[in-house]
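Quick note on labels: first sequence line is chain A, next is B, and so on, each numbered from 1.
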Amino acid sequence: MAEPENLFQTQSVADRLQAEALIVDVDGFEGPLDLLLTLSRTQKVDLRKISVLQLAEQYLAFVERAKALRIELAADYLVMAAWLAFLKSRLLLPPDPEAEGPSAEDMAAHLAFQLERLQAMRESAAQLMARDRLGRDTFVRGVSEEVARVRKITYTASLMELMQAYARIRTRDEFRPYAFDRTNVFTMEEALDRMRGLIGFAGDWSELTTFLPDGWASDPKRRRSATAATFAASLEMAKQGQIEIRQSDTFQPISIRKKT
Amino acid sequence: MSDEPEVTDEKEQTLFAAPPIAEQERMVEAILFASAEPVTIREMEERMPHGCDPAEALVHLRKRYEGRGVRVVKVGEAWAVRTAPDLAFLMQKETVEERKLSRAAIETLAIIAYHQPVTRAEIEEIRGVAVSRGTIDQLLEMEWIRFGRRRMTPGRPVTFVVTQGFLDHFSLESARDLPGLKELRAAGLLDSRPLPGASSDEDDEDEAQTGQSELFED
Amino acid sequence: MSDEPEVTDEKEQTLFAAPPIAEQERMVEAILFASAEPVTIREMEERMPHGCDPAEALVHLRKRYEGRGVRVVKVGEAWAVRTAPDLAFLMQKETVEERKLSRAAIETLAIIAYHQPVTRAEIEEIRGVAVSRGTIDQLLEMEWIRFGRRRMTPGRPVTFVVTQGFLDHFSLESARDLPGLKELRAAGLLDSRPLPGASSDEDDEDEAQTGQSELFED
């Protein structure tokens, strides 16, 4: 591994490629912790004995280099740089007994822990991937038999349903579908048609009853329907300004005439 | 590596000797297990180390699986592992699904319960519609109805009666315990009052009762 | 089966007795051979005749296949038959080309396996970098991870845990058998120590610890 100062000025192609790979990583997804872990390897010591101060200096030097080379660093690399710069100053200065918060040593220990943990996970991932893998080292049954789902349907009914069904059948004849009786109904549309035809001939006041159609005056049911329809039609025509309506007193005959 | 001839001999022998037959048997076992298709002896030979004799290994393997839950079987010119035929029942899983009886079925059932023994023609007359073969079959299959005595009328039609299973399901001691129309109405089980003037159902009622009492006298 | 065996008469015993254990072993053998997926004891029980004890049958069956070309393996709560790893060289034909996992995906998977149940924020804290949506999606799609219980902390973040498919793929009986797990735990490397001074996620912390110990303690 190249010394960090040399990362950007190495001569050999291999070193340059390695340096580039690192830069790509910086640009990409591995993050500042990954960079720190990579840099820590230059110390060639157990991660537990690592000099965080030295590591911070290495990181800051790296970031300076990157800046000089106008390499755009992602925000989290700069955040880490700021934090390491802070940590570095705290590590170099004598501890301030008044200071709040964690000591520089605690912070450094935590960073070392993070690096060690990440390293441990990397190693575990490698061990995991090296295990006997299904489809590579071990194999499943080539002809698996589907478990046939035998669907058994049971039907159920309650006593209530049984009795209601029986009652329904036995009382079926008591009902017939409701049908509206249209033979004895004179509609308002019919009345309107009739009135429009007749009103031209009624220049003077005529009683409304005289407008009832033939054959609808005798049977009470038919007379009621025709009277109602004719009255409604006359109201409609009055509204339209075609006729005038007159009634001398309550319950007196209603008369109409064409409006002039 | 070593120049000494006797060592070379030994080495060569171990290098080129086929694996022991027990090891070959393991190999055949793994191959047959993992293959989607039956495997021919030739194919096994191609996949196994030089000098192996899959045919012989198969003899051993086949014996090993005799009487087991799976067997080594010959399929045409090839070999495969298959479930023992007597265990085929394990390859299915029964799921029970409960469904409501159709309206046609419950009406038919009700008529049989109230009028038993009743012929198909009588059911149709009461329901006012034809009774499908499937409905009767379904009720027979559920063992809620069964065939009764043939009617001593022309054509000697079969009759249907309800079963003990039916009584058990509906918690009835006997079909006679089914309430009559009047009681159903009194209990508010009929949504309707008879139309004024519509022929009273008293007769109906009586008929049903008569029918029933006739039926149950044995 | 019966609480009072002495009362049970002989007839009942023959009627309701489970098949002999040798027979049950055959059944388990057939079921496991027929399935590519691991089968749980419960599923076996559902398919086998009443009164069978597949767990006991499995003990026998597992022993029977020791050193054979195929093995009976435990996968989480389920069981499966798999070829012996030393015979992988015979299986070139069967090898399925696997989608290559990115370094980020492999690390994320390892972190989930060793730290489960673990939140996305915790994964990110360990890796020191954001976990891309695609990485989690890929692992979910491969059915190597699934959602665990939500963490009872503000925001109720979802957690991730590994699946039976993960155990099956990596020949693990349980997540406890992950390589080096004990050493990592002893070294405190599975703790999610907060940054000193950053007290905001203390609660998270406690929960995470509990989760892990719960999961891995026996």
Side-chain angles (χ1 to χ4, degrees), chain A residues 25-26 28-37 47-48 74 76-77 79-80 83 99-111 113-148 150, chain C residues 31-37 43 47 70-71 73 80-88 91 94-96 98 101-104 106-111 113-115 124-130 132 165 168-172 178-181 184 187-198:
Chain A
D25 275 357
V26 167
F29 43 81
E30 299 300 337
L33 213 52
D34 185 38
L35 174 56
L36 277 168
L37 194 56
L47 272 174
R48 293 190 172 221
D76 36 344
Y77 289 86
V79 170
M80 178 63 88
W83 188 80
E100 300 252 322
S103 71
E105 280 69 30
D106 286 347
M107 287 162 69
H110 185 72
L111 180 62
F113 166 73
Q114 280 182 297
L115 292 175
E116 200 189 346
R117 184 174 60 181
L118 180 60
Q119 179 60 27
M121 278 301 112
R122 293 247 161 106
E123 282 161 9
S124 296
Q127 280 185 57
L128 191 62
M129 299 315 273
R131 285 186 66 83
D132 288 337
R133 307 262 300 272
L134 196 66
R136 190 188 72 185
D137 305 298
T138 63
F139 294 85
V140 303
R141 180 77 165 116
V143 224
S144 59
E145 282 176 59
E146 282 298 304
V147 176
V150 183
Chain C
I31 289 173
L32 292 188
F33 263 79
S35 175
E37 298 293 313
E43 284 167 333
R47 284 160 65 181
V70 294
R71 304 181 311 172
V73 296
V81 179
R82 300 285 179 250
T83 60
D86 66 305
L87 299 177
M91 303 299 164
E94 260 65 61
T95 314
V96 265
E98 194 182 296
L101 278 179
S102 68
R103 181 173 159 184
I106 291 169
E107 279 182 23
T108 303
L109 179 67
I111 291 168
Y114 282 85
H115 291 260
E124 293 184 341
E125 143 124 42
I126 294 169
R127 291 199 68 230
V129 71
S132 83
D168 195 14
H169 185 92
F170 292 101
S171 308
L172 292 163
L178 284 164
L181 183 75
L184 287 174
L189 289 171
L190 298 184
D191 306 349
S192 58
R193 267 183 232 164
L195 185 69

Can you find a heavy atom in the side chain of C/Arg103 that is under 4.5 Å from one in the side chain of A/Asp34?
yes
Quick one: salt bridge (Lys or Arg N to Asp or Glu O under 4.0 Å) partners of A/Arg117, sequence neighbours excluded?
C/Glu125
Which is it for C/Ile106 and A/Met121 under the side chain to side chain contact (heavy atoms under 4.5 Å, CB included) test, yes or no, and what are the steps along the way?
CA-CA 10 Å; C/Ile106 291 169; A/Met121 278 301 112; over 6 Å; no
Heavy-atom nearest pair, A/Asp132 first then C/Ser171, reads O-OG, 2.9 Å
As an exercise, state the distance from CG of C/Leu87 to OG1 of A/Thr138, rounded to the nearest 0.5 Å.
11.0 Å
Exam field: side chain C/Thr83 to backbone A/Phe139, donor-acceptor pair closer than 3.5 Å:
yes
With sequence neighbours left out, the residues meeting side-chain hydrogen bond (donor to acceptor under 3.5 Å, both in side chains) with C/Arg71 are none
Just give me the residue among C/Ser132, C/Ser35, C/Gly180, C/Gly128 that pairs up with chain A most often, heavy atom to heavy atom, under 4.5 Å.
C/Gly128
Between C/Gly188 and A/Phe113 the two heavy atoms that sit nearest each other are O-CE1, 3.4 Å
Min side-chain heavy-atom separation C/Leu189-A/Gln119 under 4.5 Å:
no
So which atom in A/Ala120 and which in C/Leu184 form the shortest heavy-atom distance, rounded to 0.1 Å?
CB-CD2, 3.6 Å
Are the side chain of A/Arg141 and the backbone N or O of C/Ala34 linked by a donor-acceptor pair below 3.5 Å?
no
Could you walk me through whether A/Leu33 and C/Val129 pass side chain to side chain contact (heavy atoms under 4.5 Å, CB included), step by step?
CA-CA 8 Å; A/Leu33 213 52; C/Val129 71; over 6 Å; no
